[in-house]
Amino acid sequence: MDKKILSTGAILGMIAIILGAFGAHALKKVLSIEQLSTFETGVRYQMYHALFLLFLGLLKDVPQKTKKTIYFLVLFGVILFSGSIYLLATNDLTSFDFKIIGFVTPIGGLLLILGWGVLLLNIMNKKSQN
């Protein structure tokens, strides 16, 4: 599971860099400042959670079952949160109105929060070794 978590973190990080560069160069010409800022928020949160997965994959004292739960919460959280933000920020560039999927953004955010919460619960439930 650790290899899968680390690989996913690396892929999400790589995609975040690509999308960040795309936003800074190509989208800068076609999006408003507000839309570009929204797009950058999606990139930023994707990168935060790519790094979170890398961190998680390197932790040795978190049970694999807990890692798997966190992994899926973060993966689907990034897809729903950042993915919907990308689509909403670039909504004016397509003929499809992505505003109808806006409700998934907070669901994705909740999944990201739950991923961090599961890690926190795991830490809090550990027996003190001091």
Side-chain angles (χ1 to χ4, degrees):
M1 188 73 205
D2 287 339
K3 185 176 179 181
K4 184 176 188 176
I5 293 169
L6 291 168
S7 298
T8 303
I11 290 167
L12 287 177
M14 184 176 62
I15 293 169
I17 296 292
I18 292 167
L19 289 173
F22 180 68
H25 299 286
L27 294 179
K28 186 177 185 179
K29 301 170 187 167
V30 294
L31 295 182
S32 70
I33 291 172
E34 183 180 326
Q35 290 169 318
L36 196 55
S37 175
T38 299
F39 190 88
E40 289 171 355
T41 297
V43 171
R44 190 169 49 252
Y45 275 79
Q46 181 173 330
M47 182 56 81
Y48 293 157
H49 289 87
L51 295 172
F52 179 46
L53 288 178
L54 292 174
F55 170 73
L56 178 67
L58 295 173
L59 289 176
K60 297 299 176 202
D61 59 343
V62 176
Q64 289 299 311
K65 185 177 177 182
T66 303
K67 284 186 177 186
K68 187 174 183 178
T69 299
I70 295 169
Y71 169 78
F72 283 112
L73 287 168
V74 170
L75 178 61
F76 290 113
V78 167
I79 291 168
L80 293 178
F81 184 81
S82 292
S84 65
I85 286 178
Y86 300 143
L87 294 174
L88 291 167
T90 59
N91 192 51
D92 293 346
L93 304 178
T94 67
S95 58
F96 185 80
D97 187 5
F98 286 108
K99 290 180 183 170
I100 63 170
I101 63 143
F103 71 93
V104 303
T105 308
I107 295 170
L110 177 62
L111 294 176
L112 295 173
I113 293 166
L114 290 173
W116 285 95
V118 170
L119 180 60
L120 176 62
L121 284 174
N122 181 76
I123 292 166
M124 299 301 287
N125 287 332
K126 287 248 181 257
K127 301 253 192 262
S128 178
Q129 295 179 359
N130 294 341

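Note that the structure is predicted; figures quoted are calculated from it, not measured. Both backbone and side-chain heavy atoms feed into the values below; hydrogens, waters and symmetry mates do not.
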Open item on the list: Show the nearest heavy-atom pair for residues D2 and G57, with the distance to one decimal.
Closed with: CG-O, 3.5 Å
Open item on the list: So which atom in H25 and which in K29 form the shortest heavy-atom distance, rounded to 0.1 Å?
Closed with: O-CE, 3.8 Å
Output the distance between atom [atom1] ([X]) and atom [atom2] ([Y]), rounded to the nearest 0.5 Å.
X    : Y    : atom1 : atom2 : value
L36  : T41  : CG    : OG1   : 10.0 Å
T90  : I85  : OG1   : CD1   : 11.5 Å
I101 : F96  : CD1   : CZ    : 7.5 Å
I70  : M1   : CD1   : CE    : 10.0 Å
D97  : L88  : CG    : CG    : 9.0 Å
T66  : L119 : OG1   : CG    : 9.0 Å

Are the side chains of [Y] and [X] in contact, using a 4.5 Å heavy-atom criterion?
X   : Y    : result
F98 : T94  : yes
V43 : S82  : no
V74 : L111 : no
T69 : L73  : yes

Determine the interplanar angle of the [X] and [Y] rings, folded into 0 to 90°, and report it as parallel if under 30°, tilted if 30 to 60°, perpendicular if over 60°.
X   : Y   : answer
F52 : H49 : perpendicular
F39 : Y86 : tilted
Y45 : Y48 : perpendicular

Open item on the list: With side-chain contact (heavy atoms from CB on, under 4.5 Å) as the test, pick out the partner of F81 among L110, I107, V104, L112.
Closed with: L112
Please check: side-chain N/O of [X] versus main-chain N/O of [Y], any donor-acceptor pairing under 3.5 Å?
X    : Y    : value
S84  : L80  : yes
N125 : L121 : yes
K67  : L59  : yes
S32  : Q35  : yes

Cluster overlap [X] with [Y], hydrophobic side-chain contacts below 4.5 Å:
X   : Y    : value
L56 : L58  : no
I79 : F103 : yes
L51 : W116 : no

TODO: Look at D61 together with K126 and state whether they make a salt bridge at an N to O cut-off of under 4.0 Å.
DONE: no
List the atom pairs, with distances to 0.1 Å, where a side-chain N or O of residues 5-24 and a protein N or O form a donor-acceptor pair under 3.5 Å, not counting sequence neighbours.
residue : atom : partner : partner atom : Å
S7      : OG   : K3      : O            : 2.8
T8      : OG1  : K4      : O            : 2.8
T8      : OG1  : Y71     : OH           : 2.9

- [ ] Please check if atom CG in L120 has more than 12 non-hydrogen atoms from other residues, nucleotides or ligands closer than 6.0 Å.
- [x] yes
